[in-house]
Amino acid sequence: MRLHLAAVALLCGTGAYCSAFAATGGGGGGESRRCGATSTSSVSCASRTFATKRRGVLPFALTAPRGGGGSSSSSSSALSSTAEDTAASSSSSIPPSSVSSAGISDGNWSLLSTRARSALLSLIESDEGRGAQRHVYGDWPEPGTEDEGKVRLGEQLADLDASYPGGLAAYISKARVLLKESADGTNPFADFVASVPEGEHLQYDALEPDPATGMTFAQAEQTGLTGIGDVTFVLVAGGLGERLGYSGIKLGLETNLVTHRSYLGMYVSYIQAMQRMAHVKTGRKETRIPLVIMTSGDTDAATRRLLSDNDNFGMDDDQISIVCQDKVPALMNTNAALSLDPSKDRWNVETKPHGHGDVHHLLLREGHIDRWTEDGKRHVVFLQDTNALIVNSVLPTLGVSIAKGFHMNSICIPRLAGEAAGAIARLEHKTDPEKSLVINVEYNQLDPLLKTQGDRKGDVPDPATGYSPFPGNSNILILEMDAYAKTLRGEDEGVVVEFVNPKYKDDTRTEFKKPTRLECMMQDIPKLFQKEMGSEANIGFTNFDRWFSFSPAKNSLESGVDAVLGGSNAPGTMSSAESDKYVQNQRKLKFAGMDVAVTEEDDLVPVAGIPVTPGPRIILCPGFAITQEEITNKIEGGRITDRSSLVLEGEGLVVKNLDLDGALVVRTGHDCEVEVDGLVVRNEGYALEEIPEEGEDADDEVPEEVAIRGYTMNKKEVMEIIIEEPGKYVVGKDGEVTKIL
């Protein structure tokens, strides 16, 4: 047991290619691998032996470094392994006629490994009669000149060929079709009529069910509790914090300056709290809730380091798995010609991220779907990296999914008409009901679609609510496992329908300003549901108030200030996300009966140009409560002044009649029952201090994860009560801790 009461002075100063085969926990016949830092700043993947089989291609074993474009040492290694490969398979050193006719000599062909020859042959044969890829395989210099580059290109083509279902030929074939549709201006929704789909509208403080849908928040949450032991989580985290003005990974950003808990730490603590509740609800102490994190070449090493430095935030090593998303070839024109950059490296295909839609294929390919099915998991929850509010929505949304039998359930928010955010819509096919589906429609597609139907007014507000009738998509999903597994095991193997978004040089719409690529989004999985299940696919949404579930950190301080000056009340900065977290907890404590001011829009005060709450700053950790019922049972009366800061953590913690004017932190361990009753706290507390922009008062020592907020937090004085030894305790008016059992 430890009681700490002190005055504290605290200065707050205190792109490379990566294959999805770089994953832990993978299934199939190969060993697991991981991404790691190379001698340069890029990330590459270690060697791995695996088998691949595609229609029309014989299965063969592959062992090689992946990605291409690496250092000269990796090129030398590839050249050495190729020599061994060539010696072992001399019969394949004579190129097929199609290769010879393409201009590749016997000597150059003999430089390449078996896997590189296979990929190059496939590329050449798929390009027959077109010549769109001749700049890749044609005009190679004679053997002895740039041989390392030829080998490196061959290995990269083999990597790209192996990582995409159907290989490079399939990728290029899809690209030609989509690029033609783009150039022709084809409307993908020409055969559909949009309507509002079935869903649930839940308000945290509403005691009566929504008249249209029939559930209260509390009912949905209680239903969700029946399924908490049978869920898995997937965290999509392939992005750096560059848009936020932060050089590290977004998962490493601190959600708030009161506790300094990172986004990844917060997500893990929520899963752990859910797991402990599952133990209580089900009596199955062996229940574990797994987490898969999808990284990219930019974030993989840093994500692993963040987990290692923090001992997985308390999770077991085999409870967290990482999959690394693919990159795909960049395309330089409407003929789907692979993009090379001769000025930099004629022997390297430019690659770009394929998109977070990769996550579905990776979960299947790395064996997670099979494992979860065998373990009896019933639902998969998909989270994004920097929206701390969203965890509050998981349990009630799970409850809606269980009650309504949704195969897919999107967490949504009220959406302003015309807002630059996707919307969930039901698209009814005009002639074939089996092609109808519920899916996200981007805002720039929704308005033109609505102008072709009904009153032809387009994306306009509902007069009764002031919002669009189509709910806004937060891109947080809950999928039912059986339907999801069936869909992923279908013909497409989880590769969601792709799209292309080229920026054309001129009106001929043939050449691009810069290379493009095929992209995919995880929220487009309904297209595969529809393909595999037809009209049986049951897809809906659950709508929550914005204050409860949506405040992502995605913009820099400067961009946020510009947005505010332009009239936006959602700047999307770290400071606004932190402020919204405090406001959310103000509302929760107010609902539980505590006397606490709730910051409304008119109450916000500008700090570094961003409107934020003046306080109180409240953090209710997942270890304290993850449900509305827990909060109302653990909070009784009390008051908190606007300038105060409060942190509560501990599943056995109950707080009655708190009188707080200052800063208070109460943390209790597992198996600790602690009742804080009548505690009076008076101290200097915590204060935000705006960072001077420049001049003598500017502080160059403020770390960037703090500086991107535009302020520091001066922790002047705090009462901190930490109880770790199991037992039963009471904390009285003066903060004295007494163990009673």
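Note: hydrogens, waters and symmetry copies are ignored here, and every other heavy atom, side chains too, is used.
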Over all atoms of both residues, closest heavy-atom pair of L679 and K733: CD1-O, 3.4 Å

Of all heavy-atom pairs between V647 and C621, which one has the smallest distance, and what is that distance? CG1-SG, 4.0 Å

Working note: I293 + I320, criterion side chain to side chain contact (heavy atoms under 4.5 Å, CB included); need CA distance, chi angles, decisive distance, verdict. CA-CA 8 Å; I293 304 173; I320 299 180; 4.1 Å; yes

Walk me through it: do D595 and I640 pass the test side chain to side chain contact (heavy atoms under 4.5 Å, CB included)? CA-CA 6 Å; D595 181 6; I640 303 177; over 6 Å; no

Look only at the side chain of S549 and the backbone of S393, and say whether a donor-acceptor pair between them is shorter than 3.5 Å. no

Do T386 side-chain atoms and A553 backbone N/O form a donor-acceptor pair below 3.5 Å? yes

Do K739 and E725 meet the salt-bridge criterion of a basic N to acidic O distance under 4.0 Å? yes

Taking atom types as modelled, is there a side-chain donor on E704 or S247 under 3.5 Å from an acceptor on the other? yes

So, taking the atom named OG in S644 and the one named CG in L664, what distance separates them when rounded to the nearest 0.5 Å? 9.0 Å

Do V731 and E675 pass the side chain to side chain contact (heavy atoms under 4.5 Å, CB included) test, and can you show the C-alpha distance, the side-chain angles, and the key distance before you say yes or no? CA-CA 6 Å; V731 180; E675 182 177 289; over 6 Å; no

For the residue pair P526 and I539, what are the closest heavy atoms and their distance? CB-CD1, 3.7 Å

Any side-chain donor near an acceptor of the partner, N657 and E636, under 3.5 Å: no

Is a side-chain donor-acceptor pair under 3.5 Å present for R276 with H279? no

Closest non-hydrogen atom pair between G422 and R415, with its separation: O-CD, 3.9 Å

Sub-4.5 Å side-chain heavy-atom contact between V400 and M215: yes

Thinking salt bridges, do R378 and D482 make one under a 4.0 Å N-O criterion? yes

Is there a donor-acceptor contact under 3.5 Å from the side chain of K634 to the main chain of E629? no

Which class fits the ring pair H407 and F529: parallel under 30°, tilted 30 to 60°, perpendicular over 60°? parallel

Donor-acceptor contact below 3.5 Å, side chain E630 vs main chain T627: yes

Is any side-chain heavy atom of V596 closer than 4.5 Å to a side-chain heavy atom of P616? yes

With rounding to the nearest 0.5 angstrom, report the CD to OH distance, E221 to Y204. 7.0 Å

Taking K581 for the side chain and I618 for the main chain, is one N or O donor matched with an acceptor at less than 3.5 Å? no

Here the gap from T632 atom OG1 to K588 atom NZ, rounded to the nearest 0.5 Å, amounts to 12.0 Å

What is the distance from atom CG of L240 to atom CD1 of I249, rounded to the nearest 0.5 Å? 8.0 Å

Out of curiosity, Q319 CD to L291 CG, how far, rounded to the nearest 0.5 Å? 8.0 Å

Yes or no on side chain to side chain contact (heavy atoms under 4.5 Å, CB included) for I476 and V394, after CA distance, side-chain angles and deciding distance? CA-CA 9 Å; I476 309 297; V394 170; 5.5 Å; no

Between R587 and E600, does at least one N-O distance fall below 4.0 Å, as a salt bridge requires? yes

Are D300 and R304 close enough for a salt bridge, meaning some N to O gap below 4.0 Å? yes

Go through the structure and list residues passing side-chain hydrogen bond (donor to acceptor under 3.5 Å, both in side chains) with S401, not counting sequence neighbours. N409

Can you see whether S576 engages S579 through a side-chain donor-acceptor pair at a distance of less than 3.5 angstrom? no

When you measure from the side chain of N387 to the backbone N and O of S551, does any donor-acceptor pair fall under 3.5 Å? yes

Is the distance between the ring centroids of F217 and F548 less than 6.0 Å? yes

So with a 6.0 Å cut-off around CD of E208, is the heavy-atom count from everything else above 12? no

Using modelled atom types and a 3.5 Å cut-off, is there a donor and acceptor pairing between side-chain atoms of N256 and backbone atoms of V258? yes

I'd like to know if D230 pairs up with K377 as an ion pair, taking the criterion as any Lys NZ or Arg NE/NH1/NH2 lying under 4.0 Å from an Asp or Glu carboxylate oxygen. no

Ion pair check, D642 and R617, cut-off under 4.0 Å: no

Once you round to the nearest 0.5 Å, how far does CG of L264 lie from CG of N312? 9.0 Å

Please check if the side chain of S474 supplies one atom and the backbone of I411 the other of a donor-acceptor pair under 3.5 Å. yes

Is R261 salt-bridged to E649, going by a charged N under 4.0 Å from an acidic O? yes

Ignoring hydrogens and geometry, is there a side-chain-to-backbone donor-acceptor pair from N440 to I424 under 3.5 Å? no

Once salt bridge (Lys or Arg N to Asp or Glu O under 4.0 Å) is applied, do any residues pair with D316, and if so which ones, sequence neighbours excluded? R288

If we ignore hydrogens and angles and just use 3.5 Å, is the side chain of Y267 paired with the main-chain N or O of Q384 as donor and acceptor? yes

H356 ring center within less than 6.0 Å of F382 ring center: no

is_close_aromatic(Y484, H379), centroid dist under 6.0 Å: no

Side chains of Q586 and T613: is there a donor and an acceptor less than 3.5 Å apart? yes

